[in-house]
Every structure is written in structure tokens, then in C-alpha cells.
Amino acid sequence: MPASPTVPDLTGIDLETRYQVARELAQEAAQMGLRHYAQRDGLEVEHKGDDRQDVVSAVDRQLEALIRDRLAQHFPEDGFVGEESGHSRLDARCVWVVDPIDGTACFVNGLHAWCVSVGMMIDGVPALGVIADPNHDELFHGCIGRGAFVNDTPLRASQATDISHGPVGVGTFHPQGQEPFLPFLQKLLEGGGMFMRNGSGALTTAYVAAGRLLGYYETHLKSWDCMAGLVLLTEAGGQYNDFLRGEGLLEGNPFLAAAPGVYAQLAAMIGPSLDRD
Ligand code: IPD
Ligand code: CA
Ligand code: CA
């Protein structure tokens, strides 16, 4: 079953200022990232744990510090979850969920599929999302009840009714949950579908909201990869699974986002592992 997010009580919350600050900040961080990207040859890259594919650079940390500190200046009462620096004040009504560079492997290898992703929840409900892609001059942004946009163009999920009508984004992660990946790909191909992996979960989620992809399945995703995208999806008429259940906010879960006409078809291809923590 797709998640059906409730509308939080917005009384006493200055959503407009948060939306504006989030857009400006994501764009500023993305432009800073772009300057480093142009000179990435000397960039030192570290591997997280034993996974040679899971990389982080000083730029990831620098951008997260910029975003975290600026949000704390503007909204000291808000909580924060960041990929690189952990979390604080999770009991606050507004909690920001940030990936300073989503698509770091792309960034360090000179592939343009990376972005800055800034999401925010109100009372546990995804409420505001901004994804800045400086390589393509695209700013995806949305706010609960106010629609979602790429730059000034409204986003709308695909109206497709069968997975054979277009491509689906996919992803998997070495340390966790790879097993359902190949069986899913096989069913997708057998059903006349096609797959794409670009290396950024945030952008892939935004592309589902934009109707560019019919869906996106990742065997295990983290909340900072998709929090901003969840808002875009809801506002664009897309659907996603109960991704934030259990320890989803800090530990992640399997993730499915899709256009409403193909959600059930994709969920059936994944099977029960979609609902397993
Ligand atoms: C990764 C990207 C990738 C997804 C991985 C994520 P990172 O984030 O979103 O598309 O497949 O699961 O970890 O490490 O580039 O921030
Ligand atoms: Ca990420
Ligand atoms: Ca990241």
C-alpha cells in the first residue's frame, strides 16, 4: 500500500520563510559545489567503511556544515538530520533532513548527476523539499499543499498505466539489501519495462515527480536521499511506500516511488521485501 501522508497542523509555523531560506540555501550550496566540481582533480576521496563504492569528500562535509549552520541561525528551534554530521533535536516540530551532495560517486568521477537535497518534515510528515541540480540549472522545489515545480514549471507524475510505457529508475547499495534487486530487474524486463540508474536517489525521485520516469525502486535508501523528493512526489500526484516506518528516518528502508497508475504493478514485482525493515 502506498503511504497516505496526513496534512500536519501548520499553526505557529512560518512555512513561507523556511521555504524561501531552503531554496536560497540549496542554490548557494549547489553553486559552491559546482566550483569545487570544476576543480575536482585534486579532491581527496574517502571510502565509508569497507564499501569501495560509498565515497565522501571534503566538499560533502563543507556543504553540510554551511547548510546546517545557516539553518540553525535562522531556525534555532528546528531539528536536523544530515548524512555527514548526524542528528539533533529530533523531537522538534520541524526537522530538516539534508544530503549536501547526493550522487557523490558521480561528483568525484565527473558525472553530472549530483545535487543538493534539503527536505523538512513537520510532525513527522514530509512538508518541504528542495533539490538543486546546478549542472542542468534545475531547481526542484515543493511545499505541502502548494504544489511542486522545476524552476517555474509545475511537476506532474506520469499518467502511464503500464510499466511498458516508459523507464523506471533503480538503485541498490552494497552493504544492505541487494538480494531483491536482480529478481526485480528480471520481472521488470519480462513485463516490457526498462531501467535507468543515474547515481542520485534525490534526482531520480524528482524525475518521478516530474513524469520523466514512471517509478523508482531502490533496495535500501536513506531518508536524506529522498526526503525532499517525497514532498515533490505527493504534490505532483505520485505515490511512495511507507518508507518512514520504524527506524526509516535514521536507518532508511526499501523505497518505491511511482506514478499512481503503475505503483501496484511495481510493488507486486518487488514483493514482500518492500515492507521489510
Ligand atoms: C547515494 C545515491 C545513489 C543511491 C545510494 C545513495 P550518496 O547517495 O543516492 O543513487 O543508489 O543508495 O547512498 O552517497 O551519493 O549521497
Ligand atoms: Ca545520498
Ligand atoms: Ca551524500
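Quick caveat, the model's predicted, so the values are computed rather than measured. Counting convention: from 1, in listed order, for ligands and their atoms alike. Counting begins at 1 with the first residue of the sequence.
The shell of residues lying under 4.0 angstrom from ligand 1, judged by heavy atoms, excludes Lys222.
Backbone and side-chain nitrogen or oxygen atoms of Gly201 are examined, and one is located within less than 3.5 angstrom of a nitrogen or oxygen of ligand 1. Among the atoms of His220, none of the N or O lies under 3.5 angstrom from an N or O of ligand 1. Of the N or O atoms in Tyr216, none lie within a sub-3.5 Å distance of an N or O in ligand 1. For ligand 1, one of its N or O atoms has an N or O atom of Gly103 under 3.5 Å away. Annotation: Leu221 places no N or O atom under 3.5 Å from an N or O atom of ligand 1; distance criterion only.
Here is the list of ligand 1 atoms found below 4.0 Å of a heavy atom in Ile101: 16 (O). Taking every heavy atom of Asp102 and a limit of under 4.0 angstrom, the matching atoms of ligand 1 come to 1 (C), 2 (C), 7 (P), 8 (O), 9 (O), 15 (O), 16 (O). Residue contact check: Glu218 has heavy atoms under 4.0 Å from atoms 4 (C), 5 (C), 11 (O), 12 (O) of ligand 1. Atom numbering of ligand 1 starts at 1 in the shown order; those under 4.0 Å from a heavy atom of Ser200 are 9 (O), 10 (O). Taking every heavy atom of Asp99 and a limit of under 4.0 angstrom, the matching atoms of ligand 1 come to 16 (O). The distance from ligand 1 to the heavy atoms of Gly199 drops below 4.0 Å at these ligand atoms: 2 (C), 3 (C), 10 (O).
Looking at Asp78 and Arg18, a side-chain N of the basic residue comes within less than 4.0 Å of a carboxylate O on the acidic one, giving a salt bridge. Between Arg212 and Glu138, at least one side-chain nitrogen of the basic residue sits less than 4.0 Å from a carboxylate oxygen of the acidic one, meeting the salt-bridge criterion. Salt bridge annotation for Glu24-Arg70: absent, with no cationic side-chain nitrogen under 4.0 angstrom from a carboxylate oxygen.
Here the shortest heavy-atom pairing between Ala228 and Val118 reads CB-O, 3.5 Å.
Judged by distance alone, with hydrogens and angles left aside, the side-chain atoms of Asp102 form no donor-acceptor pair with the main-chain N or O of Asp225 at under 3.5 Å. Judged purely by atom type and a 3.5 angstrom limit, His220 uses its side chain to pair as donor or acceptor with the backbone of Glu251. Of the possible donor and acceptor atoms, none in the side chain of Glu218 sits under 3.5 Å from a partner among the backbone N and O of Leu256.
The atom of Asp102 that is an N, O or S and sits closest to the Ca ion (ligand 2) is OD1. Nearest N/O/S atom of Glu83 with respect to the Ca ion (ligand 3) is recorded as OE1. When you scan the N, O or S atoms of Asp99 for the one nearest the Ca ion (ligand 3), you land on OD1.
Not a single N/O/S atom of Asp225, whether from backbone or side chain, sits less than 3.0 Å from the Ca ion (ligand 3). Inclusion of Ile101 in the first shell of the Ca ion (ligand 3) is supported: an N, O or S atom falls under 3.0 Å.
When non-hydrogen atoms are compared, ligand 1 lies under 4.0 Å from neither the backbone nor the side chain of Cys106.
Using a 3.5 Å distance cut-off with no hydrogens or angles, the side chains of Glu64 and Ser85 do pair a donor with an acceptor.
The distance from atom CG of Leu250 to atom CG of Leu90, rounded to the nearest 0.5 Å, is 5.5 Å.
Taking the six-membered ring where tryptophan is involved, the planes of Tyr216 and Phe255 are perpendicular, since the angle between them exceeds 60° and thus also 30°. Taking the six-membered ring for Trp and thresholds of 30 and 60 degrees, His136 and His112 have ring planes more than 60 degrees apart, a perpendicular arrangement.
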